[in-house]
Amino acid sequence: MSKTDILMTGRMLPSVIEALEERFTLHRMWEAPDRDAFLREIGPRIRGLATSTMTGRADADFLGFFPNAEIVASFGVGYDNVDVHAAAKRGIIVTNTPDVLNDEVADLTIGLLIATLRRIPQADRYLRAGQWLKAPFPLSPSLRARKVGIIGLGRIGKAIARRLEGFGVEIAYHGRTRQEHVSYVYHSTLVGMAEAVDVLIAITPGGAGTKHLVNAEILKALGPNGVLINVARGSVVDEAALIDALRQGTILAAGLDVFEKEPHVPQALIDLDNVVLLPHIASGSVHTRKAMGQLVVDNLVSWFSGKGPLTPVPETPYEAGRR
Ligand code: NAP
Ligand code: 8YV
C-alpha cells in the first residue's frame, strides 16, 4: 500500500523528520528551488501538512494548493501562522503543540524578567569591555517590592504566575474573562492593570484580536518605573510606541523575545541600552523542541490511524466519528 503524502514546510528536528518518514512519504518544501511549481505538482497528493510559526503563513491561498488536505499539524502552541478560519471552512483540522512547552517558556520568561531588571546582559558586556577594572557596575533596578501584571493568564501565564509566587511579588492578571478559582487580582481593562502594576508580562496569542494591545496609552499607564516583558507575539505590542517609550523614559525598560517583523529587529531597539533582546527562544531548548516535534508527529499519526487529532485548536474542533 502506498504511504500517505505529507508536506513539511520548513526543516524540523531530525527526530521529527525520521519519525514522519517511517510512516509517510515526506515532501520537503524548503528544498524546492521553485516553491509554487513544486506545490502545483505535489499539492493534489498532499493529505497532511507539518508547518511551523517560523515558516511563513498558511493562509487560504497557500491551503488552496492542497485540495485533498485533511490536517495541518503546526509546530508551536501559537497558531497565528495558520488561517484557521479558512481551514475550518474547508473541513481541515488544525493542531498545535500546547502544554509541552509551558514550563520552558515560563522559565525563560522569569530569566528575561530578571535579566532586564538586574541588567545581566549589560553587566556581562561591562565586564568583557574591561570596565570593571575602572569602576563597579552601577546599581540596578530590582524585582523587590514589585507588582506584576500578566496579560493572558492561560496555560503559560499560569506557569509564569506559579514561579512568580516564589519571588514574593504581588500578581495580577488581565484577560477577556475573569477566571473562577484564581486568587490573583483580576483587571477587566488592560489600562487599569497597567496603572496598578510596575511589570507587565504579555503572554497572549497573536493575531488580529490582540494586535497592539500594548500601545502608547498602556505604556504611559505603566509609568516611568515600569517594565514590559513580551514573550507573546511581536504583534501584541506597538513596537514604534515602545521604542518611543523606552527612549523618552515613559517606561524604565523592556525584555523582548518576539518582534513585529521577525527575524528583523529595528535598529532603534538594538541601539537602546534599557532593553534585553532575545531571538524568539522561549521554547528553544533541545528537550522542549523535541517534545513539541513529537506532538506534531503524534497528531499526524493519530489522525491517519483514524483515531482523530490529539490537540486540535478550538476553531477546528474534531467531530468524533468523522473519520
Ligand atoms: P492559552 O492557554 O490559550 O492562553 C492564552 C491566554 O490569553 C488566555 O488566558 C486568554 O484569556 C488570553 N487572551 C486571549 N485573547 C486575549 C485578549 N484579546 N486580551 C487579553 N487576553 C487575551 O495559550 P498558551 O498556551 O498560554 O500560549 C499563549 C501564547 O504564548 C501563544 O499563543 C503564543 O502566542 C505565545 N508563546 C510564545 C512563545 C515564545 O517562544 N515566545 C512560546 C510559546 C507561546 P481570555 O480568553 O480570558 O481572554
Ligand atoms: C516556537 C512559539 O518558537 O509555541 C509557540 O507559539 O512561539 C514557540 O514555541 C515556535 O512555535 C517555533 O516555530
Side-chain angles (χ1 to χ4, degrees), residues 8-13 16 30 50-58 73-82 84 94-113 149-162 172-180 182 184 186-194 200-215 218 229-237 255-260 262-263 277-293 295-296 311-315:
M8 187 176 278
T9 55
R11 189 193 295 279
M12 292 191 188
L13 289 174
V16 177
W30 69 97
T51 63
S52 136
T53 50
M54 302 291 194
T55 55
R57 194 164 157 69
S74 186
F75 180 89
V77 67
Y79 49 91
D80 45 316
N81 56 311
V82 182
V84 283
V94 177
T95 64
N96 64 342
T97 61
D99 289 318
V100 293
L101 40 50
N102 293 351
D103 287 333
E104 200 73 76
V105 176
D107 289 351
L108 191 283
T109 305
I110 298 296
L112 180 56
L113 171 62
I150 298 175
I151 314 171
L153 193 75
R155 290 168 292 234
I156 302 172
K158 288 191 178 77
I160 295 169
R162 280 195 298 275
Y173 73 102
H174 164 70
R176 293 162 301 178
T177 42
R178 181 196 294 271
Q179 301 184 36
E180 274 182 56
V182 166
Y184 311 128
Y186 174 67
H187 291 270
S188 59
T189 67
L190 179 52
V191 72
M193 183 163 82
L200 280 180
I201 299 178
I203 185 66
T204 61
T210 54
K211 187 164 165 62
H212 289 186
L213 211 56
V214 178
N215 56 23
I218 302 301
I229 303 297
N230 186 11
V231 280
R233 284 287 181 266
S235 58
V236 174
V237 175
L256 309 173
D257 184 47
V258 287
F259 303 88
E260 285 200 283
E262 293 176 12
L277 306 172
L278 300 179
H280 200 148
I281 58 163
S283 70
S285 69
V286 175
H287 172 94
T288 293
R289 288 286 170 85
K290 270 191 179 167
M292 293 162 66
L295 194 44
V296 169
T311 50
V313 303
E315 294 85 347

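Quick caveat, the model's predicted, so the values are computed rather than measured. Counting starts at 1 for both ligands and their atoms, following the listed order.
In summary, the atoms of ligand 1 found under 4.0 Å from a heavy atom of T177, numbered by their order in the structure, are 45 (P), 47 (O). Close contacts of ligand 1 with L153, meaning ligand atoms under 4.0 Å from a residue heavy atom, involve 9 (O). Every atom of ligand 1 with a heavy atom of H280 under 4.0 Å away is listed here by number and element: 39 (C), 40 (O), 41 (N). Residue contact check: M54 has heavy atoms under 4.0 Å from atoms 3 (O), 12 (C), 13 (O) of ligand 2. The atoms of ligand 1 that sit less than 4.0 Å from any heavy atom of G209 are 18 (N). Shown in contact with R233 at under 4.0 Å from a heavy atom are these atoms of ligand 2, numbered in order with element: 2 (C), 5 (C), 6 (O), 7 (O). Ligand-side atoms of ligand 2 in range of L101: 4 (O), 9 (O), range being under 4.0 angstrom from any heavy atom. Ligand-side atoms of ligand 1 in range of T210: 15 (N), 16 (C), 17 (C), 18 (N), range being under 4.0 angstrom from any heavy atom. Which parts of ligand 1 touch V105 is read off a 4.0 Å heavy-atom cut-off, strictly below it: atoms 42 (C), 43 (C). Each of the atoms 11 (O), 12 (C), 13 (O) of ligand 2 lies under 4.0 Å from some heavy atom of F75. Ligand-side atoms of ligand 2 in range of M292: 9 (O), range being under 4.0 angstrom from any heavy atom. Which parts of ligand 2 touch G76 is read off a 4.0 Å heavy-atom cut-off, strictly below it: atoms 4 (O), 5 (C), 11 (O). Residue H280 approaches ligand 2 through these ligand atoms, each under 4.0 Å from one of its heavy atoms: 2 (C), 3 (O), 7 (O), 8 (C).
Annotation: atom 4 (O) of ligand 2 to nearest protein heavy atom, V77 N, 2.8 Å. Nearest protein heavy-atom contact of atom 21 (N) of ligand 1 is G175 CA, 3.6 Å. From the protein, the heavy atom lying nearest to atom 33 (C) of ligand 1 is R233 NH1, 3.7 Å. Atom 32 (O) of ligand 1 has its closest protein heavy atom at P205 CA, 3.2 Å. Remark: minimum distance from atom 1 (P) of ligand 1 to any protein heavy atom is reached at R155 NH2, 3.7 Å. Among all non-hydrogen protein atoms, the one lying nearest atom 11 (O) of ligand 2 is T53 OG1, 2.8 Å. Looking at atom 19 (N) of ligand 1, its nearest protein heavy atom turns out to be L213 CD2, 3.8 Å. In terms of protein heavy atoms, atom 9 (O) of ligand 2 is closest to S283 OG, 2.7 Å. Scanning the protein for heavy atoms near atom 26 (O) of ligand 1, the closest one is I156 N, 2.9 Å. Of all protein heavy atoms, the one lying nearest to atom 4 (O) of ligand 1 is G154 CA, 3.2 Å. In terms of protein heavy-atom proximity, atom 28 (C) of ligand 1 is closest to I203 O, 3.5 Å.
Not a single N or O atom of G152, backbone or side chain, sits closer than 3.5 Å to an N or O atom of ligand 1. Where the criterion is an N or O separation shorter than 3.5 Å, residue side chain and backbone included, D257 meets it with respect to ligand 1. Any N or O atom pair closer than 3.5 Å counts here, and G78 shares at least one such pair with ligand 2. For a threshold of 3.5 Å applied to N or O pairs, the pair formed by T97 and ligand 2 contains no separation below that value. No N or O atom of I281 sits closer than 3.5 Å to an N or O atom of ligand 1.
Formation of a donor-acceptor pair under 3.5 Å by the T210 side chain with backbone atoms of L213 is not found in this model. Using a distance-only test at 3.5 Å, with no hydrogens or angles considered, a donor-acceptor pair links the side chain of Q179 to the main chain of L153. Side chain of Y186 to backbone of G175: a donor-acceptor contact under 3.5 angstrom is found. Although no hydrogens or angles enter the test, the distance criterion places a donor-acceptor pair under 3.5 Å between the side chain of T97 and the main chain of G76. Panel note: side chain S235, backbone K211; no donor-acceptor pair is recorded below 3.5 Å. Side-chain N or O atoms of T55 include one that pairs as donor or acceptor with a backbone N or O of S52 at under 3.5 Å. Not a single donor-acceptor pair under 3.5 Å links the side chain of H187 to the backbone N or O of H174. With N102 contributing its side chain and V105 its backbone, the two residues share no donor-acceptor pair below 3.5 Å.
Only the side chain of R289 comes within 4.0 Å of ligand 2, counting heavy atoms alone; its backbone N, CA, C and O stay farther away. Contacts with ligand 2 closer than 4.0 Å are made by no heavy atom of I281, backbone or side chain. Residue-level proximity to ligand 1 for A232 is carried by the backbone, the only part with a heavy atom below 4.0 angstrom. Residue contacts with ligand 1, taken as heavy atom pairs separated by less than 4.0 Å, involve V258 solely via side-chain atoms from C-beta onward.
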- Message: As a quick check of understanding, evaluate side-chain contact (heavy atoms from CB on, under 4.5 Å) for N96 and T311, giving each step before the final call.
- Response: CA-CA 6 Å; N96 64 342; T311 50; 4.2 Å; yes
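In terms of heavy-atom proximity, P98 sits nearest to V77 at CA-CG2, 3.5 Å. Scanning all heavy atoms of the two residues, the minimum distance from Y79 to E315 falls at OH-OE1, 2.8 Å. Residue D103 comes nearest to A159 through the heavy atom pair OD1-CB, 4.4 Å, listed as atom of the first residue, atom of the second, then distance. Closest non-hydrogen pair, A202 versus N230, comes out as CB-OD1, 3.6 Å. Closest heavy-atom contact between S74 and N81: OG-ND2, 3.4 Å. Between R289 and H280, the shortest heavy-atom distance links the atoms NH2-O, 4.0 Å.
With N230, V231, L190, T204 as candidates, the residue nearest to atom 29 (C) of ligand 1 on a non-hydrogen basis is T204. Nearest-residue assignment for atom 15 (N) of ligand 1 (options R176, E104, H174; heavy-atom criterion): R176.
Residues V236 and V258 form no side-chain contact, since every pair of their non-hydrogen atoms from C-beta on lies 4.5 Å or further apart. By the 4.5 Å heavy-atom criterion applied to side chains, I201 and I160 are counted as neighbours. A 4.5 Å side-chain heavy-atom check between D257 and I281 finds at least one atom pair inside the cut-off. Using a 4.5 Å cut-off on side-chain heavy atoms (C-beta onward), I156 and L101 make contact.
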